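Written out below as C-alpha cells is the structure these notes cover.
All values reported here derive from a predicted model rather than from experimental measurement. Throughout, numbering of the chain's residues begins at 1 and tracks the sequence. Start at 1 and go down the list; that is how both ligands and their atoms are numbered.
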Amino acid sequence: MIIDVPELSLVALVGISGSGKSTFARTHWKPTQVLSSDFFRGLVADDENDQSASSDAFEVLHYVAGKRLAAGRLTVVDATNLQSHARAGLVKVAREHDVLPVAIVLDVPEALAWERTQAREDRTFGRQVLTRMHRDLRRSLNQLAKEGFRKIHVLRGTEQIEAAEIRYEKLF
Ligand code: CTP
Ligand code: MG
C-alpha cells in the first residue's frame with residue numbers, strides 16, 4: 001500500500017494508544033523528523049506520562065514544528081491526535097507555513113491495542129480510557145477532511161500498516 005505524502009508536509013499520525021504510531025514513525029522516518037508528545041512531556045516535566053504537562057508540551061512541540069516547516073523540513077507528529085482541538089493546532093501550524101497537513105490514521109482493533117498496552121510498564125491507564133480513545137477515533141474519521149487535512153490515509157489493521165510504503169510527491 002503506497003502512501004503518497006507531499007515532500008514538504010506536516011504529517012499527523014492518528015491512532016489510539018497501542019495502535020503502533022511510534023513503531024510506524026521509527027520504521028518510516030528519521031528520529032529527528034518525528035516530534036512525539038511523549039518526548040515533549042519529558043522535556044518540560046521530566047516525565048513522559050505526566051498528562052498535566054500536555055498543554056506546555058504541545059506548545060513547545062508546535063513551536064518546533066513551525067521552525068522545521070519554515071526550514072522546509074518534513075515533520076511528523078507522533079501523538080494520538082484523537083481530538084479535534086489537538087489536530088486544529090497542527091493544521092494551524094501547517095497553514096502558517098503554507099504546508100499541507102496530512103493525516104495517517106492507524107486503525108487497529110481495540111482488543112489488539114489493549115493487549116499491547118497491558119504488556120507495557122509505561123502505560124497504566126484502564127480499559128475504559130482505551131475505549132474512549134477508540135470512540136474518538138471513529139468520530140475523527142468523519143472529521144479530518146473538514147478540519148483541513150488535505151490527504152487522509154487510513155490504514156486498517158496490522159497487515160495494511162505493515163505493508164505501507166511512503167512515497168514522496170514533489171510539489172513543483
Ligand atoms: N507493537 C507490536 N507490533 C507492531 C506495532 C507495535 O508488537 N506491529 C508493540 C510495540 O512494540 C509496543 C506496543 O505494541 O510495545 C505499542 O506500540 P507503539 O508503536 O508504541 O504504539 P503507540 O501508538 O505509539 O502507543 P502510544 O499512543 O501509547 O504511544
Ligand atoms: Mg507512542
Side-chain angles (χ1 to χ4, degrees), residues 1-3 5 9-62 64-65 68 74-90 93 101-141 143-144 147 149 151-166:
M1 181 153 187
I2 304 283
I3 300 184
V5 169
S9 49
L10 178 64
V11 178
L13 299 180
V14 179
I16 66 177
S17 190
S19 59
K21 299 177 298 296
S22 300
T23 304
F24 190 84
R26 267 195 300 277
T27 305
H28 296 285
W29 294 285
K30 294 190 282 194
T32 48
Q33 293 180 300
V34 179
L35 307 182
S36 100
S37 51
D38 282 349
F39 179 80
F40 282 92
R41 271 191 290 265
L43 270 188
V44 300
D46 294 326
D47 177 358
E48 296 203 339
N49 284 307
D50 183 350
Q51 300 303 314
S52 74
S54 290
S55 159
D56 283 343
F58 277 104
E59 194 178 323
V60 184
L61 186 154
H62 291 158
V64 176
R68 289 186 54 87
L74 177 114
T75 300
V76 179
V77 178
D78 174 12
T80 54
N81 292 319
L82 293 169
Q83 305 282 343
S84 198
H85 70 84
R87 295 188 297 263
L90 299 180
V93 178
V102 173
I104 300 180
V105 182
L106 306 191
D107 184 6
V108 306
E110 186 185 325
L112 172 65
W114 178 241
E115 210 175 278
R116 289 173 173 176
T117 296
Q118 280 181 299
R120 292 180 65 180
E121 281 184 6
D122 57 342
R123 292 291 182 271
T124 54
F125 51 78
R127 178 74 190 240
Q128 298 113 304
V129 172
L130 198 66
T131 300
R132 193 173 62 227
M133 287 186 191
H134 198 251
R135 197 188 57 216
D136 290 343
L137 178 78
R138 303 255 72 82
R139 186 178 304 145
S140 300
L141 289 170
Q143 295 176 331
L144 291 165
E147 288 171 359
F149 286 91
K151 278 180 184 284
I152 299 154
H153 300 280
V154 183
L155 300 176
R156 296 188 201 279
T158 49
E159 271 182 35
Q160 286 192 1
I161 293 170
E162 270 159 36
E165 237 179 88
I166 312 283

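A distance of 9.5 Å separates CE of Met133 from CD of Gln83, quoted to the nearest 0.5 Å.
For atom 16 (C) of ligand 1, the choice among Arg120, Gln118, Arg26 with the nearest heavy atom turns out to be Arg120.
Using a 4.0 Å heavy-atom cutoff, Gly18 is listed among the residues neighbouring ligand 1. The closest approach between any non-hydrogen atom of Leu13 and ligand 1 is not below 4.0 Å.
Between the side chain of Asp47 and the main chain of Gly42, no donor-acceptor pair closer than 3.5 Å is present. Side-chain N or O atoms of Ser9 include none that pairs as donor or acceptor with a backbone N or O of Pro101 at under 3.5 Å.
Salt-bridge check for Asp107 with Arg138: passed, with a basic side-chain N closer than 4.0 Å to an acidic carboxylate O. Salt bridge Glu147/Arg87: present, at least one basic N to carboxylate O contact under 4.0 Å. Under 4.0 Å is where a charged nitrogen must lie from a carboxylate oxygen, and between Arg123 and Asp38 at least one such pair does.
Of all the heavy atoms of Arg116, the ones lying under 4.0 Å from any atom of ligand 1 belong exclusively to the side chain. At a 4.0 Å heavy-atom cut-off, ligand 1 touches Ile16 through the backbone alone.
In terms of N/O distances under 3.5 Å, ligand 1 is approached by Arg123. Taking distance alone, with nitrogen or oxygen atoms compared against 3.5 Å, Thr80 stays at or beyond that limit from ligand 1.
Using a cut-off of 2.8 Å, one finds that Ser17 contributes no N/O/S atom close to the Mg ion (ligand 2).
With hydrogens left out, the protein atom closest to atom 6 (C) of ligand 1 is Thr23 OG1, 3.5 Å, a heavy atom. For atom 27 (O) of ligand 1, the closest non-hydrogen atom on the protein side is Lys21 NZ, 2.7 Å.
Heavy atoms from other residues, nucleotides or ligands lying under 6.0 Å from CD of Glu59 number 12 at most.
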